[in-house]
Amino acid sequence: MKTIIHLDTIEKRFAEAVVVPPLSLTIEEGEFLTLLGPSGCGKTTLLRMIAGFEEPTSGDIFLDGKPLGHVPPYQRDMNMVFQQYALFPHMNVEQNILFGLKMKKVNAAEQKRRLEEVLQYVQLTELRKRTPKQLSGGQQQRVAIARAIINNPRVLLLDEPLGALDYQLRKSLQLELKNLQKNLGITFIYVTHDQEEAMAMSDRIAVMNKGRIEQIASPAEIYNTPQTLFVATFIGENNIFRQASTCTAVRPEKIKLYRTDEQPGKHRCKGKITDAVFLGNLRKVFIRLDGQDQVVMAHQYAGDGLDWQVDDLVAIGWSQADEVKLPC
Amino acid sequence: MLNKKPTKLLALPALLWLGALFVLPMLLIVMLSFWKRGTYGQVVYEFTANNYIRIVDPLYGQIFWDTFVVAILTTVLSILFGYPLSYYISRLERSKQQIWLLLVMIPFWINFLVRSYAWVIILRSQGVVNTILQSLGIISEPLPLLYNSGSVMLGMVYTLVPFMVLPIYVSLEQMDRRKLEAAYDLGATPWKAFWHVTLPMTKSGVVTGSILVFVSSIGMFVVPDVMGGAKSALMGNVIQNQFLSARDWPFGSALSIVLMLLSMLLILLFFKATKASEKKEGTA
């Protein structure tokens, strides 16, 4: 794997506020990297620094080993898909898509060839003469992507590109985007606050919190072996058991529930069921531990046999292999 | 009916006001323009097309021409001065924007005639500019800064530029900055981004401002009167004269109607031209 982008201890401060404390990050060519975090975690600022819309207060960004320094966005070999698409309202679909090639003075024949290709690719051939206003959200999103990829950028930056769409459409476009990335072989840097989206699409996820990258790893690693308390609780659901300076995280699907008289050797704590929510493929059971404020969540799948009722007394257990020790 | 659409009622006060104070006088002017002037300046209620026939005269043709040239130049200069200023203001912080907009509008608080005479004091032979230049020894004779078409233009642009700045500022403010970032991202230099994105997206402001400035400068008579002297009579002055000095209301009305129709024609052509440029961009 070849490094395409390297962020070398870049820092961003607005006035006195540190938005991104010094941070380094290496992105491999052709990978799908997601910057995931709650709003205000600095992920968009990081993306905008890579695009060139914000300048790092210190540190530098390297593209193919060359420092980008003060290189303005219009000279960087990358393109961005904006959050609300930022399509040009006074141009139709075709003109929007061709804008980048026109700016780079690509010859007319080449423009036409690439336009047809891209229109086919994003299935907008029929809508080519429409203006953005005459398009649905999903169609606008396609135009935004087409407008970016027609330039054959080295890197495609995506700032919550599916954020404005409804759930069903988002689901199908996630797969489309992932396939697009695989087929084009372009490096994607994708910003989202939606962990499901990140999980479904990414090769690697960088989980960000307060401007820091808490962990950067594959979706499976992030889920199974979170390295910080933040990652453990931000990604998926988790039960955190505190003991002095260490925390133990156990996913709800790994929690086993026992009757108080059943296999006493496996009991770790006891409690009383306060809630049981049926969600179709699983039941979420909430247990208040005896003598503590903590509520533990356990997922019970159909066929697990026991049909727990609210107010039942239960014992809780899990196997050593399923727990993750974290500093806290 | 009214219960279903109560919003219609909201337009009523303005409609009544305009009906009474605009449409009726307008009709009166149209009627006047077809009546005769009596020997003592009174209106004689007899039909005649003579007022219009009189207008077909190279003398008036020249004045119409001058009026439109001045109005068009005033509009163009107002765009050239107004757009950069609006752009600058729209890029400032909110609090500073308000101060600048206030500065743009402050001249409206001072009587129009007073402001025009202030310019006379600045520009006349013994005026501020000439006195300073002479005392510095830069010039020996006073420069003829006043009473020419240049000074008229200066006064016009000075008076009307706020009408250009405000609508352009509004359209710049409404423009989504991310569109500009998208243009940069796609390889547009700041100048190209301005030309291909900002300007087309703020065109409505320029069009609105242009019409406001153009229409206002067509009817303007105080500025050419005070700052232009006797030499540069524009249509506004001629019409004013017909009503106030020559007491030929029918002829003044006919001139007004022709001026208005010609202005409307020009604005129509202007609209057509801006629409055409849109289409041209569409095929590029």
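For clarity, every value in this text was computed on a predicted model and none was experimentally measured.
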Practice item. Return yes if a side-chain donor-acceptor contact under 3.5 Å exists between Tyr83(B) and Thr202(B), otherwise no. Key: yes

Exercise for review: Could you tell me if the ring centre of Trp17(B) sits under 6.0 Å from that of Phe22(B)?
Suggested key: no

Review point. How about residues 140-156 of chain A versus chain B: which residues have heavy atoms under 4.5 Å apart?
Key: Arg147(A), Asn151(A)

Check your understanding: Is it the case that more than 12 heavy atoms not belonging to Phe271(B) sit under 6.0 Å from its CZ atom?
Key -> no

Review point. Residue by residue, which of residues 163-183 of chain B have a heavy atom closer than 4.5 Å to a heavy atom belonging to chain A?
Key: Arg178(B), Lys179(B), Glu181(B), Ala182(B), Ala183(B)

Point to revise | Side-chain donor-acceptor pair present, Thr192(A), Glu160(A), cut-off under 3.5 Å | key: no

Review point. Which pairs with one or both residues in residues 78-101 of chain A pass salt bridge (Lys or Arg N to Asp or Glu O under 4.0 Å), sequence neighbours excluded?
Key: Glu94(A)-Arg128(A), Glu94(A)-Lys129(A)

**Study point:** Polar contact flag, side-chain donor to acceptor under 3.5 angstrom, Glu11(A)-Ser58(A)
**Key:** yes

Review point. Between Ser39(A) and His193(A), is any side-chain donor less than 3.5 angstrom from a side-chain acceptor?
Key: no

Check your understanding: With a 4.0 Å cut-off, would you call Lys105(A) and Glu110(A) a salt bridge?
Key -> no

Review point. Counting a contact as any heavy-atom pair under 4.5 Å apart, which residues of residues 63-89 of chain A contact chain B?
Key: Pro73(A), Tyr74(A), Met78(A), Asn79(A), Met80(A), Phe82(A), Gln84(A), Ala86(A), Leu87(A), Phe88(A), Pro89(A)

Check your understanding: Which of parallel (below 30°), tilted (30 to 60°) and perpendicular (above 60°) describes Phe32(A) and Phe188(A)?
Key -> tilted

Review point. With distance as the sole criterion, is a donor-acceptor pair present between the side chains of Asn107(A) and Gln111(A) under 3.5 Å?
Key: no

Practice item. Please confirm whether the backbone N or O of Gly30(A) pairs with a side-chain atom of Gln181(A), one donor and one acceptor, at under 3.5 Å? Key: yes

Exercise for review: Let me see the working for Lys112(A) and Glu117(A) under salt bridge (charged side-chain N to carboxylate O under 4.0 Å, His left out), right down to the final yes or no.
Suggested key: CA-CA 9 Å; Lys112(A) 190 162 165 35; Glu117(A) 199 181 285; over 6 Å; no

Review point. Does CZ belonging to Arg91(B) count more than 12 external heavy atoms closer than 6.0 Å?
Key: yes

